[in-house]
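Each remark here refers to the structure printed beneath this line.
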Amino acid sequence: MPLTLHATAVALALDRDGPLIGVLITGVSGLGKSSLAIALIEQCPWRRTALVADDVVEVTAVGNRWVARATGPMTGQIEVRGFGPVPVRAVKAARLHFALAVQAERPPRLYTRQDMTPGQEAAMPPMANLLRVPFWAENAAIYHARVRIIARAILAGQIPS
């Protein structure tokens with residue numbers, strides 16, 4: 001049975017022609033989930049990163065993996081705060097590799113799997129096998145670089161337990 005989440009999802013390019021990496025971006029309203037997705041899409045050096053869904057994400061378990069899809073009238077569009085929905089490069093679905101939990105307060109300097117606070121967990125229901133990483137969106141100019149570095153580290157198995 002699919003979960004419907006208040007979140008944003010992107011299919012992130014880490015190189016010129018490799019597979020896209022599904023990233024679920026969670027957090028309360030107004031913290032910059034859509035802004036982060038826009039930065040990832042527009043600053044992709046290979047012009048491949050694409051939106052999966054903005055604001056409403058349908059997440060379905062497929063075996064022991066999670067797949068994100070867009071649903072409803074915002075499919076293929078992202079909200080630009082103060083302007084409204086606009087079309088962007090988009091894909092229909094992506095297998096999720098991890099979730100970024102955008103938060104207003106600075107997370108601990110070093111990540112541990114225990115760094116999620118109760119408020120952050122409430123913004124994202126328990127989803128087995130999906131790594132959740134706290135993300136402080138303090139500098140929009142380097143959002144895209146920080147997320148790509150985190151994604152490469154996760155895929156390389158460099159996240160401490």
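Within the 3.5 Å criterion, the main-chain N or O of Ala101 finds no donor-acceptor partner in the side chain of Arg132. A donor-acceptor pair under 3.5 Å links the side-chain atoms of Lys33 to the main chain of Val28, judged by distance alone.
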Steps toward side-chain contact (heavy atoms from CB on, under 4.5 Å) verdict (Leu155, Ile21):
CA-CA 9 Å; Leu155 292 176; Ile21 306 305; 3.5 Å; yes
Going through the distances and angles, do His144 and Arg146 end up as a side chain to side chain donor-acceptor pair (under 3.5 Å)?
CA-CA 6 Å; His144 60 97; Arg146 289 175 57 219; over 6 Å; no
Determine, stepwise, if the pair Phe135 / Val133 fulfils side-chain contact (heavy atoms from CB on, under 4.5 Å).
CA-CA 6 Å; Phe135 189 81; Val133 179; 5.7 Å; no
Is there a side-chain contact (heavy atoms from CB on, under 4.5 Å) between Arg148 and Leu14 once you walk through the steps?
CA-CA 6 Å; Arg148 282 187 175 81; Leu14 296 180; 3.9 Å; yes
Before giving the answer on side-chain contact (heavy atoms from CB on, under 4.5 Å), spell out for Leu12 and Leu20 the whole-Å C-alpha distance, their side-chain angles and the decisive distance to 0.1 Å.
CA-CA 5 Å; Leu12 180 68; Leu20 298 176; over 6 Å; no
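Contact record, Ala9 with Leu51: O-CD1, 3.6 Å, taken as the closest heavy-atom pair. The minimum heavy-atom distance between Ala93 and Val52, with the atom names listed, is CA-CG1, 4.1 Å. Across all their heavy atoms, Thr49 and Arg89 have their closest contact at O-NE, 2.8 Å. The minimum heavy-atom distance linking Ala70 with Thr75 is given by the pair CB-OG1, 3.6 Å. Residue Arg48 comes nearest to Ala13 through the heavy atom pair CB-CB, 3.7 Å, listed as atom of the first residue, atom of the second, then distance. Taking each heavy atom of Ala68 and Leu96 in turn, the nearest pair found is CB-CD2, 3.8 Å.
Both Leu100 and Leu131 belong to a single network of hydrophobic side chains, linked directly or stepwise wherever heavy atoms of I, L, V, M, F, W or Y lie under 4.5 Å apart. Under the 4.5 Å side-chain contact rule for hydrophobic residues, Phe98 and Tyr143 share a cluster. Transitive grouping of hydrophobic side chains (ILVMFWY, heavy atoms separated by less than 4.5 Å) brings Leu3 and Leu24 into a common cluster. Follow the hydrophobic side-chain contacts under 4.5 Å out from Leu31 and you reach Val10 in the same cluster. Follow the hydrophobic side-chain contacts under 4.5 Å out from Leu5 and you reach Leu130 in the same cluster.
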Throw together a table of side-chain donor-acceptor distances under 3.5 angstrom for residues 54-62, partners on residues two or more places apart or in other chains.
residue: Asp54; atom: OD1; partner: Thr8; partner atom: OG1; Å: 2.8
residue: Asp54; atom: OD1; partner: Ser34; partner atom: OG; Å: 2.6
residue: Asp54; atom: OD2; partner: Ser34; partner atom: OG; Å: 3.2
residue: Asp54; atom: OD2; partner: Glu79; partner atom: N; Å: 2.9
residue: Asp55; atom: OD1; partner: His6; partner atom: ND1; Å: 3.0

Less than 3.5 Å apart, which donor and acceptor atoms pair up between the side chains of residues 37-44 and the rest of the protein, not counting sequence neighbours?
none

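Grouping Ile, Leu, Val, Met, Phe, Trp and Tyr residues whose side-chain heavy atoms lie under 4.5 Å apart, directly or via other members, leaves Trp46 alone, with no other cluster members.
Taking 4.5 Å as the limit, some side-chain heavy atom of Arg69 sits within range of a side-chain heavy atom of Val67. The side-chain heavy atoms of Val102 and Leu36, taken from C-beta on, include a pair separated by under 4.5 Å.
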